[in-house]
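Only one structure is covered here, and it is reproduced in the block below.
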Amino acid sequence: MPPRNRYSRTAIGLHWLLALLIAGAFGMGLYVAGLPISPWRLRLMNWHKWAGVTILALSLLRLAWRLRHAPPPLPEPVLRAMPPWQQRLHQGTMAALYLLFFAVPLLGWAYSSAMGFPVVWMGMLPLPDFVAPDEAFAKSVLLPLHRGGAYLLAALVVVHVAGVLKHRWIDHANLLVRMWPGKEGV
Ligand code: HEM
Ligand code: HEM
């Protein structure tokens with residue numbers, strides 16, 4: 001049987017669900033950070049945390065799936081159009097994205113714990129605090145790391161989408177059909 005030339009339904013479902021959640025959590029984080037203390041800020045902050053913990057859980061699922069299901073090989077014309085530096089950029093971007101899918105939510109959770117605010121997922125499931133309360137450490141180390149990680153994640157998503165568009169418009173290979181529900185693609 002020839003190798004699959006598209007992602008599985010599970011990988012496609014997780015990709016788009018996580019893309020929406022990550023974009024939403026990023027936007028909400030930026031918005032909440034600028035709000036004065038109020039019940040509205042508190043409520044949005046909780047939604048941000050719940051979305052972030054959901055991203056963490058779904059990322060575990062995505063990683064487990066990815067380890068058991070190799071992604072479809074890049075089409076030959078795409079590989080030929082990619083000089084070695086672009087292939088390294090592609091692999092590096094993917095590895096860094098996967099790392100940040102875990103690091104960013106874990107740092108947010110650690111920050112919350114260190115600030116003395118336990119995380120209760122969806123208001124129902126209390127999560128353990130894995131960092132002792134320490135406000136100075138939270139503010140000077142964990143928040144800048146959470147913020148920096150989130151900005152890096154957003155920058156890598158821009159590189160990722162630019163790569164997909166480059167293949168589409170310059171190499172004339174539409175990779176999007178491999179990541180879209182439907183019939184066999186490229
Ligand atoms: C991939 C998931 C996440 C993304 C993309 C994300 C993104 C962000 C961003 C962009 C900010 C604003 C930083 C700033 O400019 O000051 C922020 C703040 C914050 N995030 Fe997250 N976050 C995620 C997950 C989480 C999780 C899981 C938690 C906790 C359970 C969390 C807790 C917080 C807290 C407490 C703040 C600080 C808000 C403030 O007091 O200024 N985040 N996040
Ligand atoms: C927060 C936003 C996004 C994140 C975090 C993200 C992440 C990823 C990851 C990790 C993969 C590798 C496949 C996997 O392991 O599941 C992937 C593949 C892919 N993504 Fe995204 N993505 C995002 C947004 C987008 C957008 C907006 C597009 C549309 C232009 C897109 C198009 C694709 C395509 C076409 C592939 C398959 C590439 C191939 O053919 O191998 N992604 N994405």
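Start at 1 and go down the list; that is how both ligands and their atoms are numbered. All residue numbers refer to positions in the sequence shown, counting from 1.
- As for H160, its N/O/S atom nearest atom 21 (Fe) of ligand 2 is the one called NE2.
- Annotation: W16 places no N or O atom under 3.5 Å from an N or O atom of ligand 2; distance criterion only.
- Residue contacts with ligand 2, taken as heavy atom pairs separated by less than 4.0 Å, involve V157 solely via side-chain atoms from C-beta onward.
- Remark: minimum distance from atom 3 (C) of ligand 1 to any protein heavy atom is reached at V104 CG1, 3.6 Å.
- The proximity of L176 to ligand 2, defined as any non-hydrogen pair under 4.0 Å, involves the side chain as well as the backbone.
- Scanning the protein heavy atoms around atom 12 (C) of ligand 1, the nearest turns out to be G29 O, 3.3 Å.
- Counting protein heavy atoms only, atom 26 (C) of ligand 1 is closest to P105 O, 3.9 Å.
- The atom name of the N/O/S atom in H15 closest to atom 21 (Fe) of ligand 2 is NE2.
- Remark: minimum distance from atom 15 (O) of ligand 1 to any protein heavy atom is reached at Y151 OH, 2.9 Å.
- The protein heavy atom nearest to atom 14 (C) of ligand 1 is R147 NE, 3.1 Å.
- Proximity of A11 to ligand 2, defined as any heavy-atom pair under 4.0 Å, is not found for any part of the residue.
- Counting heavy atoms closer than 4.0 Å to ligand 2, residue W65 contributes nothing at all.
- Residue nearest to atom 33 (C) of ligand 1, selected from M45, R41, K49: M45 (by heavy-atom distance).
- With hydrogens left out, the protein atom closest to atom 18 (C) of ligand 1 is H146 CD2, 3.7 Å, a heavy atom.
- Not one N or O of Y111 is nearer than 3.5 Å to an N or O of ligand 1, by distance alone.
- Closest to atom 37 (C) of ligand 2, if we only count protein heavy atoms, is Y7 CE1, 3.5 Å.
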